[in-house]
Amino acid sequence: MHKKGPIGVFDSGYGGLTVLKDIIAHLPQYDFIYLGDNARAPYGTRSFEVVYEYTLQAVNELFSRGCELVILACNTASAKALRSIQQNDLPKIDSQKRVLGVIRPSAEVIGQWTTTGHIGILATEGTVRSESYPLELQKFAADCVVVQHACPMWVSIIENDQQNTEAGKLFIKTDIEKLLLKDSEIDVIVLGCTHYPLIEDYILSLVPSSVKVVSQGGIVAEKLAEYLHRHPSMEKLCSKNAKIQFLTSENTKVFNLNASKFLGSEVYSEQIHF
Ligand code: DGL
């Protein structure tokens with residue numbers, strides 16, 4: 001017997017909060033549990049096996065807390081773990097529960113925004129190496145040229161609040177230049193890591209005004225609303241008391257302080273141990 005429960009939102013760290021913020025704005029009536037595996041972040045440079053193992057642990061934690069639906073608000077986890085969890089683990093755990101990612105919903109709409117047909121993807125090394133964006137975009141924007149660039153330092157820079165330092169800014173600027181050097185016709189840049197919206201303003205200041213910089217939060221929120229509309233049996237299992245709970249594998253004081261900055265409101269978390 002399935003009971004109503006909150007929607008789980010998972011990320012390796014703080015980045016998923018940029019998605020949660022938009023989801024709450026679109027779907028304020030629902031309950032959510034956010035889980036940040038901050039103690040083991042970043043995931044972007046970790047192997048496929050490790051990202052899969054950590055993500056599955058997080059998903060099971062959210063299921064054990066009553067979630068029927070979990071969103072992997074992390075591109076790296078979506079790229080490296082989602083398919084295995086959906087195909088191999090969910091049938092064994094509970095075939096009615098669902099886990100969704102952020103790459104597919106983004107790929108469904110990105111193609112509409114380019115005029116030149118050249119799309120740039122900025123993401124972690126893991127997401128870039130997985131080729132998930134080019135593969136998914138092939139299904140929805142087959143005529144587009146997709147150019148990827150990995151930014152291995154960005155998640156650490158952002159998790160450590162170094163984005164406004166001279167060194168942090170130089171790393172970010174250099175990566176943007178490298179992407180645009182690969183293809184000068186890019187007119188859409190996808191922030192393919194949920195941490196990157198935190199530096200969106202700085203990125204915008206570095207690219208020509210003709211280039212559109214796309215964050216995923218709004219896209220994922222809209223696609224989740226559509227999903228719930230198309231799946232009324234799942235929608236009925238999502239509790240609606242407008243309650244949000246935060247879990248972190250890190251020290252809660254550190255998490256609360258940083259998460260409040262990401263979310264723009266006070267955060268009180270509970271520590272979990274994997
Ligand atoms: N926010 C995660 C993503 O979207 C960051 C991954 C990491 O921990 O490196 O990919």
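Atoms within each ligand, like the ligands themselves, are counted from 1 in listed order. Start at 1 with the first residue, then count along the sequence.
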- prompt: Is any N or O atom of Ser12, backbone or side chain, closer than 3.5 Å to an N or O atom of ligand 1?
  reply: yes

message: Test of understanding: given a 4.0 Å heavy-atom threshold, classify the contact between Pro42 and ligand 1 as side chain, backbone, both, or neither.
response: both

All N/O donor-acceptor pairs, side-chain side in residues 217-226, below 3.5 Å, sequence neighbours left out:
residue: Lys223; atom: NZ; partner: Glu108; partner atom: OE1; Å: 2.9

- request: Check each atom of ligand 1 against the heavy atoms of Thr124 and keep those under 4.0 Å away; list them by number with element.
  value: 6 (C), 9 (O), 10 (O)

Heavy atom of the protein closest to atom 9 (O) of ligand 1 (residue, atom name, distance): Gly44 N, 2.7 Å

message: Whether the side chain of Glu159 engages the backbone of Tyr14 through a donor-acceptor N/O pair (distance < 3.5 Å, no angle test) should be reported.
response: yes

task: Specify whether Tyr34 and Phe246 have parallel, tilted or perpendicular ring planes, treating 30° as the upper limit for parallel and 60° as the lower limit for perpendicular.
output: tilted

- request: Could you tell me whether the side chain of Lys80 and the main chain of Arg46 form a donor-acceptor pair under 3.5 Å?
  value: yes

message: Distance alone, cut at 3.5 Å: any donor-acceptor contact between the side chains of Thr116 and Glu185?
response: no

- request: Give a yes or no answer on whether the side chain of Asp31 reaches the backbone of Ala242 with a donor-acceptor pair at less than 3.5 Å.
  value: yes

- request: Please write down residue, atom name and distance for the protein heavy atom closest to atom 10 (O) of ligand 1.
  value: Thr76 OG1, 2.7 Å

message: Just to be sure I read this right, does ligand 1 sit under 4.0 Å from the backbone of Asp11, its side chain, both, or neither, counting only heavy atoms?
response: side chain

Shortest protein heavy-atom distance from atom 7 (C) of ligand 1, along with the residue and atom involved: Tyr43 N, 3.2 Å

statement: With heavy atoms and a 4.0 Å threshold, my read on which part of Val155 contacts ligand 1 is side chain

message: Looking only at the side chains, is there a donor atom on one of Asp37 and Ser249 sitting less than 3.5 Å from an acceptor on the other?
response: yes

query: Does Cys74 have a heavy atom less than 4.0 Å from any atom of ligand 1?
result: yes

